[in-house]
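Encoded as structure tokens, here's the structure I'll be asking about.
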Protein chains: 2
Amino acid sequence: MARKSGSHAEITGPRVRAAALRLFARQGYAAVSMRSLAAEVGVQAGALYAYTPDKQSLLFDLLKAHMDELLAAWAEAPKGADPLARLEAFTRFHIRFNLERADAVFISYMELRNLEPANFRAIEALRGSYEAELEAILQAGQDEGVFAVPDTKLATLALIAMLTGVTTWYREGGRLSRSDVGQIYWDMVRKAVGA
Amino acid sequence: MARKSGSHAEITGPRVRAAALRLFARQGYAAVSMRSLAAEVGVQAGALYAYTPDKQSLLFDLLKAHMDELLAAWAEAPKGADPLARLEAFTRFHIRFNLERADAVFISYMELRNLEPANFRAIEALRGSYEAELEAILQAGQDEGVFAVPDTKLATLALIAMLTGVTTWYREGGRLSRSDVGQIYWDMVRKAVGA
DNA sequence: GTCTATATGACGATAGAC
DNA sequence: GTCTATCGTCATATAGAC
């Protein structure tokens with residue numbers, strides 16, 4: 001069979017990451033072999049090692065990049081002045097961002113246990129930073145008397161679980177648009193915090 | 001079932017299922033080998049095949065048993081008369097039941113993609129039955145005018161995601177008792193549905 | 001029912017050709 | 001950068017002894 005040759009680093013690198021994201025989300029990290037990943041990209045298995053030192057690094061890099069992008073996107077998002085406006089901004093931001101990256105979101109909470117300890121700690125720290133953003137909003141609203149949240153830590157975890165859950169059932173072209181979903185969830189979030 | 005000299009079926013069978021539940025939850029179905037499962041039980045790998053025809057059946061049986069027990073437990077739970085009382089009963093039941101079976105709950109959400117298609121459909125049908133229980137409560141409350149839930153289907157999914165999320169962070173002996181958690185979440189659920 | 005031993009194949013990762 | 005080929009290990013599952 002004829003050999004292929006030539007350099008394709010500029011296109012193959014992103015293709016490896018995109019294929020890994022898709023396959024890890026669909027089948028799980030442990031169930032995806034380097035051979036099947038290579039087949040998805042259209043190269044032989046050995047060629048993947050020009051782009052990652054090993055399989056574990058590939059998983060970690062995907063999760064790290066996702067969390068970095070999440071934090072950066074929230075840092076740049078318009079947020080409003082008062083706690084109520086900030087909570088609405090966070091709600092709509094979280095749903096919109098996560099729906100745009102369903103595969104990465106799925107992996108970020110399904111494959112944590114497949115990270116080596118040091119990698120796990122790094123991702124957990126980034127997740128904690130993101131949760132702290134929501135908790136600060138809830139705490140500010142509580143301090144100002146506009147929210148009624150008896151336990152801001154629990155409320156943070158409860159709301160993020162509720163909002164992230166959208167990615168498990170939302171399907172493009174279904175009954176509701178993303179904006180419809182954002183509106184309905186914002187209604188529930190606002191009521192849940194007593195605003 | 002006749003006992004054989006030297007047999008331990010009565011204790012080994014449950015031990016296999018318990019070990020599989022624990023290991024699948026901690027490491028993931030694909031990452032657990034029959035060898036490591038056997039080691040956890042204290043037998044050789046070949047002996048496991050006296051209790052399951054294959055690894056896939058082991059996973060399916062665990063998930064099926066969990067869903068059956070969930071539905072049976074809810075069917076027998078005290079529920080109250082009006083929608084508000086029923087919603088409170090559901091909230092506290094769901095948290096309590098899931099915290100008692102954190103491993104099974106974890107697997108039920110994480111390993112669905114590792115089920116063969118027919119097995120997947122069976123588990124999804126059971127999950128749908130459980131969700132329908134909550135949706136019926138929300139619909140009844142909406143019809144009677146005691147809830148303000150614009151979309152009962154979305155509210156069902158949102159509330160279950162929120163409540164199930166407890167299993168991802170709750171640790172025995174932490175700051176809050178199970179009953180504390182139930183109270184705090186019920187407060188949020190009640191507000192979220194506008195009651 | 002559990003053991004030892006094994007059939008059969010896939011796994012992650014590397015070496016060297018081009 | 002990608003190929004072919006391969007190393008050493010591990011996987012699921014089965015066979016036959018006791």
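None of these values were measured; they are calculated from a predicted model. These numbers come from the heavy atoms of this one structure, side chains and all, not from hydrogens, waters or symmetry mates. Sequence lines set the chain letters: A, B, ... in the order given, protein chains first and strands last, and positions in each chain run from 1.
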Side chains of B:S177 and B:D180: does their closest heavy-atom pair fall under 4.5 Å?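 The answer is yes; the side chains approach within 4.5 Å.
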Would you tell me if any nitrogen or oxygen in the side chain of B:Y51 comes within less than 4.0 Å of OP1 or OP2 on C:dG1?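 For C:dG1, neither OP1 nor OP2 has a side-chain N or O of B:Y51 closer than 4.0 Å.
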Short side-chain N/O contact from B:T12 to OP1 or OP2 of C:dG1, under 4.0 Å: no
How many whole angstroms separate atom CZ of B:R15 from atom P of C:dG1?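 From B:R15 CZ to C:dG1 P: 16 Å.
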A:L37 CG to C:dA13 C1', straight-line distance once rounded to whole Å: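 A:L37 atom CG is separated from C:dA13 atom C1' by 14 Å.
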Output field: ring centroids A:W74/A:F90 closer than 6.0 Å: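 Yes, the ring of A:W74 comes within the 6.0 Å limit of the ring of A:F90, centre to centre.
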Results of salt bridge (charged side-chain N to carboxylate O under 4.0 Å, His left out) for A:R22 - residues two or more places apart only: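 Here the qualifying residues are A:E40.
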Report which part of the nucleic acid A:V32 touches: base, sugar-phosphate, or nothing (heavy-atom distance under 4.0 Å, all strands). sugar-phosphate
Relative to the 5' end of DNA chain C, which residue comes earlier, B:A45 or A:M34, by the nucleotide with the nearest heavy atom?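 Its nearest nucleotide being more 5', the pick is B:A45.
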Would you tell me if any nitrogen or oxygen in the side chain of B:Q44 comes within less than 4.0 Å of OP1 or OP2 on C:dT2? no
Student check: side-chain heavy atoms of B:F93 and B:L70 closer than 4.5 Å: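 Result yes, sub-4.5 Å side-chain heavy-atom pair found.
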Could you go through residues 24-31 of chain A and list every donor-acceptor pair under 3.5 Å that involves a side-chain atom there, pairing it with any protein atom two or more places apart or in another chain?
from  : atom 1 : to    : atom 2 : distance (Å)
A:Y29 : OH     : A:Q56 : N      : 3.2

A:S33 or A:P53, whichever maps to the more 5' nucleotide of DNA chain C: A:S33
Nearest-nucleotide check on DNA chain D, A:V43 vs B:S36; residue mapping nearer the 5' end is A:V43
Expressed as a whole number of angstroms, how long is the span from B:L23:CG to D:dA11:P? 13 Å
Could you check which of C:dC11, D:dT2, C:dT14 has an atom nearest any side-chain atom of A:R35? C:dC11
Counting side-chain heavy atoms from C-beta on, which of D:dC3, C:dT2, C:dT14 comes nearest to A:Y49?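 Closest nucleotide among those given: C:dT14.
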Taking atom P of D:dT2 as reference, at what distance in whole Å does atom CG of A:L48 sit? 9 Å
Compare the minimum distances between each of C:dT2, D:dA13, D:dT2 and the side chain of B:A47, then state the nucleotide with the smallest one. C:dT2
Starting at atom NZ of B:K55, determine the distance to atom P of D:dA11, rounded to an integer number of angstrom. 9 Å
